[in-house]
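Let me begin by presenting the structure, written as structure tokens, before commenting on it.
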Amino acid sequence: MSIAPLADAEPLPDWAIPPQGGFTADDLDRLPGIPPHTELIDGTLVFVSPQTRFHALVLFLLQRELDQAAPDHLRVEREMTVKLGRRQRPEPDLVLLHAHAPSDLSRTFYEAADVFLAVEVVSEESEERDRNRKPQLYAEAGIPHFWRVENVENHPTVYVYELHPATRAYTLTGMHRDRLKLTLPFDIDIDLTEIDRPRRTPGR
């Protein structure tokens, strides 16, 4: 028995069918209806799963503490894509930007040279990308610092990396479970257990 095609079937959106050779970094700004927070890795669109509460709490804590601790020539932003090459435009969870980075409000991405630190909070669906491919791309693009945050029994563990200038690869300089205390690239002291504490009700 044959099945007749649906006459009123919706056509596929432009981003559902990749062009020959894959998408380019500039395509992310041109594809209509593309889902929010879409990344481009190796010419392939990567769609983001719903965010867990752990992910949200870690990002809130790190963004707040980096805002307070970062020197004046750096600023923190979250969930902005970074153009690393013609077919590479990932979206780190957090970035620390140099003062020379553009600040126009219509901006949709930054260049690799704008980024001082990239931070990824690993989720179940992004393990391979966050642990391997994305840090490889950040290092090859010359981003000096990278942090990877893992959920270890519902507690954040932060892996801190620095770029080796000769090899253009990251070197692990520390693994921090309860407290992220560093003197490089600047003084910072974050109590990672704060995500377990109940939040105060405003006005109390």
Side-chain angles (χ1 to χ4, degrees), residues 23 25-26 28-29 34-52 54-67 69-70 73-103 107-151 156-163 168-174 176 180 182 185-186 188 190 192 195:
F23 291 104
D26 292 334
L28 289 190
D29 294 323
I34 194 170
H37 305 295
T38 299
E39 301 180 277
L40 184 73
I41 304 212
D42 299 324
T44 300
L45 299 180
V46 177
F47 305 109
V48 179
S49 298
Q51 184 175 226
T52 65
F54 172 86
H55 194 280
L57 290 176
V58 168
L59 283 185
F60 176 84
L61 174 64
L62 293 180
Q63 183 177 17
R64 184 191 68 196
E65 296 297 321
L66 284 170
D67 262 330
H73 65 275
L74 298 172
R75 72 176 193 265
V76 62
E77 292 193 22
R78 63 183 290 172
E79 298 168 334
M80 285 285 290
T81 57
V82 180
K83 188 184 290 187
L84 304 179
R86 186 169 182 267
R87 302 195 183 280
Q88 311 292 353
R89 192 169 152 186
E91 183 182 290
D93 289 309
L94 288 175
V95 289
L96 264 180
L97 301 169
H98 294 286
H100 60 69
S103 58
R107 176 156 295 275
T108 59
F109 67 90
Y110 291 103
E111 302 285 352
D114 299 328
V115 182
F116 180 74
L117 163 70
V119 181
E120 295 286 0
V121 181
V122 178
S123 57
E124 186 174 350
E125 59 86 23
S126 69
E127 286 180 355
E128 177 64 27
R129 295 191 302 275
D130 292 345
R131 292 174 179 169
N132 297 296
R133 187 57 178 145
K134 290 174 79 171
Q136 180 185 29
L137 292 171
Y138 297 149
E140 290 173 350
I143 295 175
H145 300 276
F146 172 68
W147 295 354
R148 190 183 84 243
V149 186
E150 299 269 359
N151 182 346
T157 296
V158 182
Y159 295 80
V160 175
Y161 296 84
E162 292 182 15
L163 184 66
R168 302 283 279 193
Y170 286 126
T171 299
L172 179 66
T173 60
H176 307 261
L180 177 60
L182 305 171
F186 49 82
I188 190 165
I190 303 176
L192 298 173
I195 72 160

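Along the sequence shown, residues are numbered consecutively beginning with 1.
Checked by atom type and distance alone, the side chain of Glu39 pairs as donor or acceptor with a backbone atom of Glu91 at under 3.5 Å. Looking at Thr157, its side chain never comes within 3.5 Å of a backbone N or O of Glu150 through a donor-acceptor pair. With hydrogens and angles disregarded, no donor-acceptor distance shorter than 3.5 Å links the side chain of Asp29 to the backbone of Asp26. Of the possible donor and acceptor atoms, one in the side chain of Arg87 sits under 3.5 Å from a partner among the backbone N and O of Phe23. Judged by distance alone, with hydrogens and angles left aside, the side-chain atoms of Thr52 form a donor-acceptor pair with the main-chain N or O of His55 at under 3.5 Å.
Remark: Glu120 pairs with Lys134, Tyr138 by the side-chain hydrogen bond (donor to acceptor under 3.5 Å, both in side chains) rule, at least two apart or across chains. Applying the side-chain hydrogen bond (donor to acceptor under 3.5 Å, both in side chains) rule to Gln136 yields the partners Arg133; only residues at least two apart in sequence or on another chain are considered. By the salt bridge (charged side-chain N to carboxylate O under 4.0 Å, His left out) test, Glu140 is found to be paired with no residue, residues two or more places apart in sequence or in another chain being considered.
With a 4.5 Å cut-off on side-chain heavy atoms, Asp42 and Gln88 count as touching. At a threshold of 4.5 Å between non-hydrogen side-chain atoms, the residues Val82 and Asp114 do not count as touching. Put simply, the side chain of Tyr170 reaches to within 4.5 Å of the side chain of Ile143, judged on heavy atoms. At least one side-chain heavy atom of Pro156 sits under 4.5 Å from a side-chain heavy atom of Ile195. Leu97 is not listed as a side-chain neighbour of Leu74, based on a closest heavy-atom distance of 4.5 Å or more. In this structure the side chain of Leu96 reaches within 4.5 angstrom of the side chain of Phe186, judged on heavy atoms. The shortest side-chain heavy-atom distance between Val121 and Asp130 does not fall under the 4.5 Å cut-off.
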- Task: Carefully, step by step, assess His37 and Gln51 under the rule side chain to side chain contact (heavy atoms under 4.5 Å, CB included).
- Result: CA-CA 11 Å; His37 305 295; Gln51 184 175 226; over 6 Å; no
- List the steps, then state whether side chain to side chain contact (heavy atoms under 4.5 Å, CB included) holds for Val46 with Thr38. CA-CA 6 Å; Val46 177; Thr38 299; 5.9 Å; no
- Message: side chain to side chain contact (heavy atoms under 4.5 Å, CB included) for Thr108 and Arg89? Distances and angles first, verdict last.
- Response: CA-CA 11 Å; Thr108 59; Arg89 192 169 152 186; 3.3 Å; yes
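For the atom pair CG (Leu94) and CG (Leu117), the distance works out to 8.0 Å, reported to the nearest 0.5 Å. Leu180 CG to Leu62 CG: the interatomic distance, rounded to the nearest 0.5 Å, is 7.5 Å. Note: Glu162 CD to Leu172 CG = 10.0 Å, rounded to the nearest 0.5 Å. The structure places CG of Leu137 at 11.0 Å from CG of Asn132, a figure rounded to the nearest 0.5 Å. One finds the NE2 atom of His176 at 8.5 Å from the CH2 atom of Trp147 (value rounded to the nearest 0.5 Å). Taken to the nearest 0.5 Å, the CG atom of Asp67 stands 11.5 Å off from the CZ atom of Arg75.
Checked options Lys83, Glu77, His98; the residue passing with Tyr110 is Glu77 (criterion: side-chain hydrogen bond (donor to acceptor under 3.5 Å, both in side chains)).
Relative orientation of the His73 and Phe116 rings is perpendicular, given thresholds of 30° and 60° on the angle between their planes.
Residue Asp93 comes nearest to Leu59 through the heavy atom pair CB-CD2, 3.4 Å, listed as atom of the first residue, atom of the second, then distance. Taking every heavy atom of both residues into account, Arg168 and Leu163 meet most closely at C-CD1, 3.7 Å. Taking every heavy atom of both residues into account, Pro90 and Pro92 meet most closely at O-CD, 3.6 Å.
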